[in-house]
Amino acid sequence: MKKLLTICLLIGTALSQAIAKDKVLLFYKTAQFHHNSIAVGVPAIIKMGQENNFDVDTTINAEKFTTDNLKQYKAVIFLSTTGDVLNDTQQAAFEQYIKHGGGFVGVHAATDTEYDWPWYGKLVGAYFKSHPSKQQEAVLNVVDRNFIATKHLPETWKRLDEWYNYKWIGDDLHVLIKIDEKSYEGGENGENHPMSWYHNFDGGRAFYTALGHTDASYSEPLYLEHLLGGIKYAMGRKK
């Protein structure tokens with residue numbers, strides 16, 4: 001009887017593990033400017049998970065960045081984080097997470113984060129410099145429509161958002177979207193002005209989109225599908 005019970009428990013454990021959902025950690029701590037769109041971005045990403053079979057844990061608590069805790073997540077999302085959000089110990093844990101195959105998604109102000117942590121800059125792919133004083137409609141050129149985060153997008157995508165200029169851009173990025181600086185006022189990166197990209201980095205996967213400043217972004221189907229594709233890529237999903 002005990003042997004049968006043990007077998008049943010083992011089967012039950014195996015089944016529960018087999019049907020367990022993937023999880024992502026949604027981190028939105030701000031040490032400087034706080035984007036109002038975080039308030040609508042968080043529930044939108046939770047809903048995204050519910051509809052696509054992954055769970056979303058949300059936090060502004062940097063103490064969640066420990067080696068043991070991060071192991072449970074397929075990806076970590078920095079949603080418009082700003083400033084210095086992790087201490088040295090937490091940074092080391094996050095570096096180890098990526099080096100062991102973890103995924104990263106940076107949204108909008110994730111490039112306005114951790115300027116004194118060069119490893120993070122290389123992970124996210126750029127550092128924020130400035131943006132025009134007002135939000136404007138601009139033309140985005142989708143230069144790679146074969147990727148999971150852009151395959152649904154039109155080749156030319158016109159939308160309103162806050163458009164970032166960068167003080168530094170990595171040279172190992174697979175660029176997905178560029179902005180046409182002739183279509184709005186205030187661009188400072190010239191013809192090579194990326195707005196979204198991905199790359200393999202230090203053992204893991206990283207995706208970034210500069211889009212997502214506005215509240216309206218998080219009810220915009222094209223943007224949400226773009227963001228979902230980036231999350232799936234970071235999680236290691238093919239579709």
Side-chain angles (χ1 to χ4, degrees), residues 24 26 28 35-54 56 58 75 77-81 103-112 124-126 128 131-132 134-166 173-187 189 191-199 205-239:
V24 301
L26 177 55
Y28 54 101
H35 284 74
N36 292 332
S37 59
I38 291 172
V40 290
V42 170
I45 294 172
I46 291 172
K47 183 173 183 286
M48 195 180 287
Q50 292 169 344
E51 294 173 347
N52 291 275
N53 197 37
F54 61 89
V56 181
T58 65
I77 305 166
F78 277 39
L79 176 62
S80 283
T81 51
F104 169 79
V105 174
V107 181
H108 194 55
T111 48
D112 189 23
V124 70
F128 167 79
H131 60 72
K134 61 180 180 179
Q135 296 164 33
Q136 302 171 62
E137 192 171 67
V139 172
L140 300 172
N141 294 314
V142 183
V143 296
D144 182 351
R145 298 174 66 213
N146 295 312
F147 185 68
I148 190 171
T150 50
K151 62 184 181 181
H152 67 290
L153 294 175
E155 188 173 346
T156 301
W157 185 18
K158 195 171 186 178
R159 67 187 301 276
L160 182 142
D161 213 319
E162 180 180 75
W163 307 117
Y164 276 7
N165 298 309
Y166 303 102
L173 309 176
H174 187 108
V175 174
L176 298 167
I177 300 173
K178 294 182 180 182
I179 193 165
D180 181 355
E181 289 194 354
K182 296 188 295 293
S183 68
Y184 73 107
E185 296 179 357
N189 289 115
E191 290 186 9
N192 184 29
H193 191 160
M195 283 285 114
S196 180
W197 55 78
Y198 73 94
H199 64 150
R205 298 168 303 279
F207 167 85
Y208 172 76
T209 181
L211 285 55
H213 171 85
T214 65
D215 289 6
S217 296
Y218 297 93
S219 58
E220 180 187 346
L222 286 179
Y223 172 74
L224 289 173
E225 193 69 18
H226 168 61
L227 179 55
L228 175 61
I231 294 171
K232 285 181 174 180
Y233 161 75
M235 294 172 68
R237 293 187 179 182
K238 302 294 184 184
K239 59 182 181 178

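Count residues from 1 along the sequence. Quantities reported herein were computed from a predicted structural model and do not represent experimental measurements.
- Listed here is the closest heavy atom pair of Tyr223 and Ser217: CD2-O, 3.1 Å.
- Asp161 places a side-chain N or O within donor-acceptor distance of the main-chain N or O of Gly212, the cut-off being under 3.5 Å.
- Around CD of Glu185, the count of heavy atoms belonging to other residues, nucleotides or ligands within 6.0 Å does not exceed 12.
- For Glu137 (side chain) and Lys158 (main-chain N/O), no donor-acceptor pair under 3.5 Å exists by modelled atom type.
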Review point. What do the steps show when you test Thr214 against Glu220 for side chain to side chain contact (heavy atoms under 4.5 Å, CB included), and what is the final call?
Key: CA-CA 10 Å; Thr214 65; Glu220 180 187 346; 5.8 Å; no
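- Atom CG of Leu173 and atom CZ of Phe207 lie 12.0 Å apart (nearest 0.5 Å).
- A donor-acceptor contact closer than 3.5 angstrom is absent between the side chains of His152 and Glu225.
- Here the CD1-CD distance, from Ile46 to Gln50, works out to 7.0 Å after rounding to the nearest 0.5 Å.
- Note that CE of Met48 is 8.0 Å distant from CD1 of Ile77, once rounded to the nearest 0.5 Å.
- In this structure a side-chain-to-backbone donor-acceptor pair under 3.5 Å is missing from Thr81 to Phe78.
- To the nearest 0.5 Å, atom OH of residue Tyr233 and atom CZ of residue Arg205 are 7.0 Å apart.
- Residue Ile38 holds its CD1 atom at 9.5 Å from NE2 of His108, rounded to the nearest 0.5 Å.
- Of all heavy-atom pairs spanning Gly106 and Ala110, the tightest one is CA-CB, 3.6 Å.
- Using a 4.5 Å heavy-atom threshold, the side chains of Leu140 and Leu211 count as touching.
- Taking the six-membered ring for Trp and thresholds of 30 and 60 degrees, His226 and Trp157 have ring planes more than 60 degrees apart, a perpendicular arrangement.
- Under the 4.5 Å side-chain criterion, counting only non-hydrogen atoms from C-beta, Leu153 is in contact with Ile177.
- Between Leu222 and Arg159 there is no side-chain heavy-atom pair separated by less than 4.5 Å.
- Note that CG of Asn141 is 11.0 Å distant from CD of Glu191, once rounded to the nearest 0.5 Å.
- Side-chain atoms of His131 and Tyr164, non-hydrogen and from C-beta on, do get closer than 4.5 Å to each other.
- A donor-acceptor contact shorter than 3.5 Å links the side chain of Ser37 to the backbone of His213.
- Between His174 and Phe147, every side-chain heavy-atom pair lies at or beyond the 4.5 Å cut-off.
- Smallest separation of non-hydrogen atoms from Arg145 and Pro154: NE-C, 3.9 Å.
- Counting heavy atoms from C-beta on, the side chains of Ile45 and Thr58 never come closer than 4.5 Å.
- Note on ring orientation: taking the six-membered ring where Trp is involved, the planes of His193 and Tyr166 are perpendicular (angle over 60°, cut-offs 30° and 60°).
- Shortest non-hydrogen contact noted between Val139 and Ser183 is N-OG, 2.9 Å.
- Nearest heavy-atom pair across Leu224 and Ala44 is CD2-CB, 4.4 Å.
- Checked against the 6.0 Å centroid threshold, His199 and Tyr208 do not count as a close aromatic pair.
- Side chain of Thr150 to main chain of Asp144: a donor-acceptor pair is present (N/O by atom type, distance under 3.5 Å, no hydrogens or angles).
- Tyr218 is listed as a side-chain neighbour of Leu227, based on a closest heavy-atom distance under 4.5 Å.
- Lys238 is not listed as a side-chain neighbour of Ile148, based on a closest heavy-atom distance of 4.5 Å or more.
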